[in-house]
Amino acid sequence: MRTRNSRAFAAALASVSLAAVAACGGSADAEENPKAGKSASPSASASATAKPVAKPLTQQQAEDALIEVADLPKGWKVDASGSEEGDESADSAEEEFEAGKADKPQCQPLLDGTMAGGAEAKPEAAAAAFFTKSADVGPYMMVTVEAYTEKLAKEFMKPSDVLTGCESFSAEMEGERADFTSSELSVRQVGDETVGYRSATQFGDDEFYFAWQSDTVTARVGSTLVTVSQMSMSNADQNALEQALSRLVEKTREVAAKGAEGTGV
């Protein structure tokens, strides 16, 4: 059904938002191949090792850092369909909806959900949870915990010009016009650093039409990136978005601290 497909399509749009938020400022090669030539002085080396580098969370730690429905305002519940479908929804969205071609070439990476020249490194551990207020009309929330090396996590958070010139653009998708707008989202700073992004999409025709807003916020906690994405029509819950991110940061810090104690770091 087209209604069912619209939710799968919205899931695909969430990946576009995340790509913009986690725009990597450098290549993944920088992690394994640092620039050669200059050697650090003993004093510089000493200061560099003064602060322990945060280790990537394990898979179990990433799962333990996820928030639960009790961490959200009243009215939210576990989105069973999102949890069960997860990657299946994203896969079906990719199969059912071609990315299309943006009318502005520089916006194609946003439409594809990838960043040209950005890192393609996969997280060393990742976990996700799904919540909603209504299975039929949303809003829908997805939270993720992704573990990287600290250096790579910082690279992902560097400022990017990905939105420049792409504040609004359009594309033909499934033979129908889709209009996109994008902007940075003002959010309260939590964790070591925080960035936010908002995208809005209008898609379809007289037979099938929907307007969708996706707010995505990512915070870095040491070597971990925690993200909250909320997809909504006209019922966004900003309080839930901020509360989810704050609690996600708190739990990630707790899990990381417990792990450091266990290893004697």
*Q238 and D215: CA distance, side-chain angles, deciding distance, side-chain contact (heavy atoms from CB on, under 4.5 Å) verdict*: CA-CA 9 Å; Q238 185 68 22; D215 290 343; 4.0 Å; yes
*Flag if over 12 foreign heavy atoms under 6.0 Å of CD, E167*: yes
*Is a side-chain donor or acceptor of T218 paired with a backbone partner of V195 at a separation under 3.5 angstrom?*
no
*Search all heavy atoms of L66 against all heavy atoms of A128 and return the closest pair with its distance.*
CD1-O, 3.6 Å
*Report yes or no: does T149 contribute a side-chain atom to a donor-acceptor pair with the main-chain N or O of L152 at less than 3.5 Å?*
yes
*Quick check: does any side chain N or O of Q213 sit under 3.5 Å from a backbone N or O of S234, one acting as donor and the other as acceptor?*
no
*Count the heavy atoms belonging to other residues, nucleotides or ligands that lie under 6.0 Å from CD of E184, then report whether that count exceeds 12.*
no
*Between the side chain of D103 and the main-chain N/O of S170, is any donor-acceptor distance below 3.5 Å?*
yes
*With the side chain counted from C-beta on, respond yes when Y197 and S182 share a heavy-atom pair under 4.5 Å apart, and no when they do not.*
yes
*Side-chain (E146) to main-chain (A127) donor-acceptor, under 3.5 angstrom*: no
_Verdict with supporting geometry, E155 and K158, salt bridge (charged side-chain N to carboxylate O under 4.0 Å, His left out)_ = CA-CA 5 Å; E155 286 292 316; K158 284 184 177 180; 2.9 Å; yes
*asked:* Any carboxylate oxygen within less than 4.0 angstrom of a Lys/Arg side-chain nitrogen, looking at R253 and E250?
replied: no
_I'd like to check R247 versus E68 (side-chain heavy atoms, cut-off strictly below 4.5 Å). Are they in contact?_
no
*P73 versus N239, closest heavy-atom pair with distance*: CG-ND2, 3.7 Å
*If only atom types and distance count, is the side chain of T132 paired as donor or acceptor with the main-chain N or O of P139 below 3.5 Å?*
yes
*Just by distance, do the side chain of Q230 and the backbone of D237 share a donor-acceptor pair under 3.5 Å?*
yes
*Show your reasoning for whether side-chain hydrogen bond (donor to acceptor under 3.5 Å, both in side chains) applies to E63 and Q59.*
CA-CA 6 Å; E63 293 174 7; Q59 181 60 37; 3.0 Å; yes
*Between G165 and C107, which heavy-atom pair has the shortest distance, and what is it?*
O-SG, 3.9 Å
*Would you say Y140's side chain and A135's backbone share a donor-acceptor pair under 3.5 angstrom?*
yes
*Counting distance only, does the side-chain N/O of D192 pair as donor-acceptor with the main-chain N or O of G222 below 3.5 Å?*
yes
_Validation row: K154, M157 side chains within 4.5 angstrom (heavy atoms)_ = no
*Heavy-atom check, side chain of K104 versus side chain of S168, under 4.5 Å*: yes
*Do M141 and D79 have side chains that get closer than 4.5 Å, going by heavy atoms?*
no
*Any chance you could lay out the side-chain contact (heavy atoms from CB on, under 4.5 Å) test for T224 and Q61, step after step, and finish with the verdict?*
CA-CA 11 Å; T224 305; Q61 288 175 318; over 6 Å; no
*Residue pair Q243 / L72: nearest heavy atoms and the distance that separates them*: NE2-C, 3.5 Å
*Close side-chain approach of W212 and M233, heavy atoms under 4.5 Å*: yes
_Contact summary for T194 and V217, nearest pair of heavy atoms_ = CG2-CG1, 3.5 Å
*Side-chain heavy-atom pair V226, V143 within 4.5 angstrom cut-off*: no
*Heavy-atom pair of closest approach, residues F180 and T201*: CD2-OG1, 3.5 Å
*asked:* What I'd like to find out is whether the side chain of V255 reaches to under 4.5 Å of the side chain of V221, using heavy atoms alone.
replied: no
